[in-house]
Amino acid sequence: MKTHNKDKYFSENLISWFKKNKRNLPWRRFVTHKNYPYRVLVSEFMLQQTTVSTVIPYFNNFLKIWPTIKTLSKAKIDDVLVQWQGLGYYSRARNLLKTAEIIMLKHKGNIPRNENELRSLPGIGEYASAAIRSIAFNKKAVAVDGNVKRVIARFYGLTGTLDENKKKIDEIANRICPNKSNRDYTQAIMEIGAVICKPKKINCNVCCISQKCTAYNKKLVHSIPEPKVKVKKRKLNCISFISIFNDRFVLLKKRSSEGILSNQWELPSTGWKAESIKFSRKETPFPNAHWKRTAINFNHSFSHMDIQNTVYFSRNNNKYVARNSFNLEWVNVDKLSDYAVTTMSKKTLKKFNLIPI
DNA sequence: AAATCGGGGAG
DNA sequence: CTCCCAGATTT
């Protein structure tokens, strides 16, 4: 494959920019330590569809509890979910634990450097495999994330959405990937997307490759890429039930092991329904208790649905759970941090002043 | 190819 | 409010 002059300008300027600035770049600063491959592995799971600033506290906390692949491999999934709560995309937590177990069992605790072995691990796809190979092991591997797609689309002037240009972007990304300094190059192209060539507030004035950037020269930086076609969100309704015993215990229910937010704890509820829901005491955990509608009524938004959550409250005199006691548990409010609680229920409990944060 | 899977921060 | 983030997996 013929190397274009523009390609060489792109990779060489990026690497040089990265070397000069890497100490001040956010990702580099938080992940660079000893035990590097493990840290890269964990960070690549956490960073999927999640910004660096969101990840950093979770990452630091996670590494404090499970500093090595070996310690993580012996963890319980419920404990991992507790640490992951609030971060979203919880299958990542399940897959990270499974991956750690497999690496201990089949790879003697060494994180694989081989593409096929990495790809076979749960939760590691095309991007993460390449990111780990290049960043952790300095191998030539082409990691194409959202940043890379945007930077390439602009620099090469690819009009349209990133999805429409997927094939073209992959071709270019492979063509321009340098044969050396791959660890620096992979971080450079992602970092420039994260701090310079951002979706908005683009800093072309300090960009090291703007001179040959097609979007910049054609004044298209704000129209490339075109926004992706958005999916219509489902609107769902939910009534949640706060039951308090002895001013100390709140009734929680563990969600099923299947589907969204699986195995997490939440306030008992009617479930999420498309139709509007009328309060019925028969649906509550205590049909004979005195239920009162609270002022708590808020929207909780997911990427593909909106939940309108209304909250009812009752105080209970005993711990007897009359209905559907399967997976129900009275939890001391001081012990809530031991449970992986859904963000919607945490928001509810916070609005009810049961938990500080 | 399209849907699922979360939540937060920026603007 | 809208958009999008160091994506992977299932349908």
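By convention in this document, chain letters (A, B, ...) are assigned in the order of the sequence lines, proteins followed by strands, and residues within each chain are numbered from 1. Values reported hereafter were calculated over all heavy atoms of this structure, with side chains retained and with hydrogens, waters and symmetry mates removed.
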- Task: Please confirm whether the backbone N or O of A:R39 pairs with a side-chain atom of A:S43, one donor and one acceptor, at under 3.5 Å?
- Result: yes

- Query: Where the side chain of A:P199 is concerned, which of C:dA8, C:dC5, B:dA3 is the nearest nucleotide?
  - Reply: C:dC5

- Query: Heavy atoms under 4.0 Å, any strand shown: does A:G193 hit a base, just sugar-phosphate, or nothing?
  - Reply: nothing

- What does A:I124 touch in the nucleic acid at a heavy-atom separation under 4.0 angstrom: a base, only the sugar-phosphate, or nothing? sugar-phosphate

- Query: Between A:V82 and A:D338, is any pair of side-chain heavy atoms under 4.5 Å apart?
  - Reply: no

- Would you say the side-chain atoms of A:R154 pair up with the backbone N or O of A:I224, donor to acceptor, closer than 3.5 Å? yes

- A:Q48 atom CD is separated from C:dT9 atom P, nearest whole Å, by 8 Å

- Item | Euclidean distance for P, B:dG6 against C:dT11 (whole angstrom) | 15 Å

- Query: Is the base of B:dG8 touched by the side chain of A:T54 through a donor-acceptor pair closer than 3.5 angstrom?
  - Reply: no

- On DNA chain B, nearest-nucleotide positions of A:H300 versus A:K198: which is more 5'? A:H300

- A:S91 near the nucleic acid: base, sugar-phosphate alone, or nothing, with a heavy-atom cut-off under 4.0 Å? nothing

- Establish whether the base of B:dG6 is bridged to the side chain of A:T50 by a donor-acceptor pair shorter than 3.5 Å. yes

- Of the candidates C:dG7, C:dC4, B:dG7, the side chain of A:K228 sits closest to C:dC4

- Can a side chain N or O of A:Y89 be found less than 4.0 Å away from OP1 or OP2 on B:dT4? no

- Message: Between A:H300 and A:F302 (judged by ring centroids, cut-off 6.0 Å), do the two rings come close enough to count as a pair?
- Response: yes

- Item | Electrostatic pair A:E329-A:K254, nearest N-O below 4.0 angstrom | no

- Residues in residues 143-160 of chain A with a heavy atom under 4.0 Å of DNA chain B, by number, are none

